There are 2 protein chains.
Amino acid sequence: MPHLAYPTTTCEGFRCETHCAVRGLAICGELGPAEHEEFERLAQHVRYGPKEALFSEDEVADSVYSLIEGIARLYKLLPDGRRQIIGFALPGDFLGMAPGNRYSFSADSIGGVTVCKFFRGPFLRFIENRPQMLLRMNDFATRELSLAQDQMLLLGRRSAEEKVAAFLVGWRERLARLEGVTKTVSLPMGRQDIADFLGLTIETVSRTFTKLEREKLIVIVPDGVRVLDPKRFDALAAA
Amino acid sequence: MPHLAYPTTTCEGFRCETHCAVRGLAICGELGPAEHEEFERLAQHVRYGPKEALFSEDEVADSVYSLIEGIARLYKLLPDGRRQIIGFALPGDFLGMAPGNRYSFSADSIGGVTVCKFFRGPFLRFIENRPQMLLRMNDFATRELSLAQDQMLLLGRRSAEEKVAAFLVGWRERLARLEGVTKTVSLPMGRQDIADFLGLTIETVSRTFTKLEREKLIVIVPDGVRVLDPKRFDALAAA
DNA sequence: AAGACAGCTTGACACAGATCAAGGTGATGC
DNA sequence: GCATCACCTTGATCTGTGTCAAGCTGTCTT
């Protein structure tokens, strides 16, 4: 049995065979073949098991990450342990840009996760004279910022029921971009993660799920929910 | 008497005499003299009176703005009128980037405001082959995103007293970057604005100010507060 | 198959902050 | 100098969500 419960494996030093299923969505999506080749040479593909840290708040930010597969939880902690999840990262998302030289939040895998990891220096040198890449980085940052602002509205001004409904709608939309529209929304994160994302307690989240089920808006299934009445649901999430 | 209570004045068509007091902090801070000349030719300097809209959520985002002077309130509304202020913009801040082709929030002046206004098309054409500018845009976006994440932690996980203390500390720091350190923190926004920024009601904000004054942490003065015990104060804001 | 455990749900009760209502303060106008 | 108005403060009460505690469910271990 290995020393670590969830060992990290890398494939540095040789060409990875894995095809990147999210090329189009990722930061490298608009590179031509030659440039992509050069870009790939800067990358390490790294695999994490469940609940491993990719990086932690206040660590020196020496790397940036493009998430290829799996889901990560991004969060900040207060000194007394209160946690706010600031987002869930999906394949195609770009992580690790920081305003100073330290990460401003922590990231860890939920299930298994695979990333393209780049050292900051080489990555910045690669992009600094490639306006296409810089514009794409800008698009990513602008989209992230807009999501963050939506979340501020949610955290500051919505009721528990509205928060949960808006979360499910938003999550369903993000999954739809990756996997297409489905009736069943899979929820790989636990109730505590949802609570810490919405600024609620786990009990309130649980009660609200139950309430939505009683009102015949959803059905709770293992690791997810089925949305019964998308229309009424979207209305609840918007208002 | 003019038709509009607060008429907007522009100086399009001739060279503005006003020197930009925040060049170093603004988006254009690293341009050389020749490039800055060209950049200026794309700009309109526009002055707004108190409480005028610079732009509104869902409008077609045809312009971007660099704030030169004054303070703006950035906010989102729910259909029923609940408001969340997502930030206060200060001189040097860059506004109006949107993920789609519409603004994702509204902005209006608090007191008087002066901006450099750029039409989106010419602005994008100017920056698209200038990596320096693009990198600076990225820095701006990254800093904004980090502030937004701090605010999510505040909104989701802090008590009313912690929210108000953290707000005052953060605001004092931002003012210090512009005007240097002062004992008296000026608060040009009203109590309702602070409430909508912190996800509280105006009554709770008012009570909390009073409480902090009773505890001899601050003194409330017209249009601001004086911080009496910065140490104890920072501790309250951090924890 | 039984026990242990993590994750989730449910109930009873408490409380921070919201709501409702009234009154104070200072600026502006007539 | 008095009325008006916007803004702020204070008090009384209510309520949505948190806290505390117990029990449920499914999975893993042995």
Side-chain angles (χ1 to χ4, degrees), chain A residues 1 5-6 49-51 73 78 80-85 110-111 154-168 186-215 218-225 236, chain B residues 1 5-6 49-51 73 78 80-85 110-111 154-168 186-215 218-225 236:
Chain A
M1 203 187 265
Y6 301 116
K51 298 182 192 181
R73 149 201 321 127
L78 288 172
D80 65 2
R82 281 174 288 177
R83 183 178 69 156
Q84 179 66 38
I85 291 188
I110 290 183
L154 178 146
L155 289 168
R157 288 299 180 220
R158 296 178 112 116
S159 70
E161 189 173 14
E162 289 168 345
K163 284 177 176 181
V164 170
F167 165 67
L168 289 175
S186 82
L187 297 172
M189 71 293 284
R191 293 288 189 270
Q192 186 63 61
D193 288 338
I194 297 175
D196 287 345
F197 184 55
L198 300 178
L200 298 170
T201 60
I202 188 174
E203 292 95 333
T204 298
V205 170
S206 185
R207 276 188 250 273
T208 306
F209 269 99
T210 307
K211 186 173 172 219
L212 293 175
E213 189 171 41
R214 266 203 314 273
E215 290 167 353
I218 61 171
V219 179
I220 300 169
V221 298
D223 300 313
V225 298
L236 184 59
Chain B
M1 205 189 265
Y6 302 116
K51 298 181 192 180
R73 160 207 305 136
L78 287 172
D80 65 2
R82 282 174 288 175
R83 183 177 70 157
Q84 179 67 38
I85 291 188
I110 290 184
L154 177 147
L155 289 168
R157 288 300 181 220
R158 297 177 111 114
S159 69
E161 189 173 14
E162 289 168 344
K163 284 177 176 180
V164 171
F167 164 68
L168 289 174
S186 83
L187 297 173
M189 71 293 286
R191 293 287 189 271
Q192 186 62 61
D193 287 339
I194 297 175
D196 287 346
F197 184 55
L198 300 178
L200 298 171
T201 60
I202 188 173
E203 293 94 334
T204 298
V205 170
S206 185
R207 277 188 250 273
T208 306
F209 270 98
T210 306
K211 187 172 171 221
L212 292 174
E213 190 172 41
R214 267 203 313 274
E215 291 167 353
I218 61 171
V219 179
I220 299 169
V221 298
D223 300 313
V225 298
L236 183 60

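Since the model is a prediction, treat every value here as computed from it, not as a measurement. Protein chains get the first letters and strands the later ones, always in sequence-line order, with residue 1 at the start of each.
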Quiz prompt | Rounded distance in Å - CG (A/Asp193) to P (C/dG7) | solution = 10 Å
Quiz item: Is any side-chain N or O of A/Glu203 under 3.5 Å from a base N or O of D/dC20, one able to act as donor and the other as acceptor?
Solution: yes
Quiz prompt | Touch class at under 4.0 angstrom, heavy-atom based, for B/Thr201 against every strand present | solution = base
Practice problem: Mind checking the CZ-NZ spacing from B/Arg207 to B/Lys211? Nearest 0.5 Å is all I need. | Solution: 12.0 Å
Quiz prompt | Main-chain N/O of A/Asp196 paired with A/Gln84 side-chain donor or acceptor, under 3.5 Å | solution = yes
Quiz item: What distance separates A/Ile85 CD1 from B/Arg157 CZ, expressed to the nearest 0.5 Å?
Solution: 9.0 Å
Quiz item: So, does the side chain of A/Arg207 form a donor-acceptor pair with the base of D/dT19 at under 3.5 Å?
Solution: yes
Quiz item: Can you find a side chain N or O atom of B/Ser206 that sits less than 4.0 Å from OP1 or OP2 on D/dT9?
Solution: yes
Practice problem: Kindly say whether A/Ile202 contributes a backbone atom to a donor-acceptor pair with the side chain of A/Ser206 at under 3.5 angstrom? | Solution: no
Exercise. Report yes if at least one side-chain N or O of A/Thr204 is closer than 4.0 Å to OP1 or OP2 of D/dG18; otherwise report no.
Key: yes
Quiz prompt | Nearest-Å distance for atom pair NZ/P, residues B/Lys51 and D/dC5 | solution = 15 Å
Quiz prompt | Pair A/Glu162 + B/Arg82: basic N to acidic O under 4.0 Å | solution = yes
Quiz item: Among D/dT9, C/dG17, C/dT9, which nucleotide sits nearest the side chain of A/Ile202?
Solution: C/dT9
Quiz item: Among C/dG17, D/dT17, D/dC8, which is the nearest nucleotide to the side chain of B/Arg191?
Solution: D/dC8
Exercise. Write down the distance between CG (B/Asp223) and P (D/dA6), rounded to a whole number of angstrom.
Key: 18 Å
Practice problem: May I have the distance from B/Ile220 (atom CD1) to D/dC7 (atom C1'), rounded to whole angstrom? | Solution: 14 Å
Quiz item: Taking atom P of D/dC8 as reference, at what distance in whole Å does atom CG of B/Leu200 sit?
Solution: 15 Å
Exercise. Take the protein atom CE of B/Met189 and the nucleotide atom P of D/dC7, then report the distance between them rounded to whole Å.
Key: 14 Å
Exercise. Return the value, rounded to whole Å, for the distance between atom CZ of B/Arg157 and atom P of C/dA16.
Key: 17 Å
Quiz item: Starting at CG of B/Leu155 and ending at C1' of C/dA16, how long is that distance when rounded to a whole Å?
Solution: 16 Å
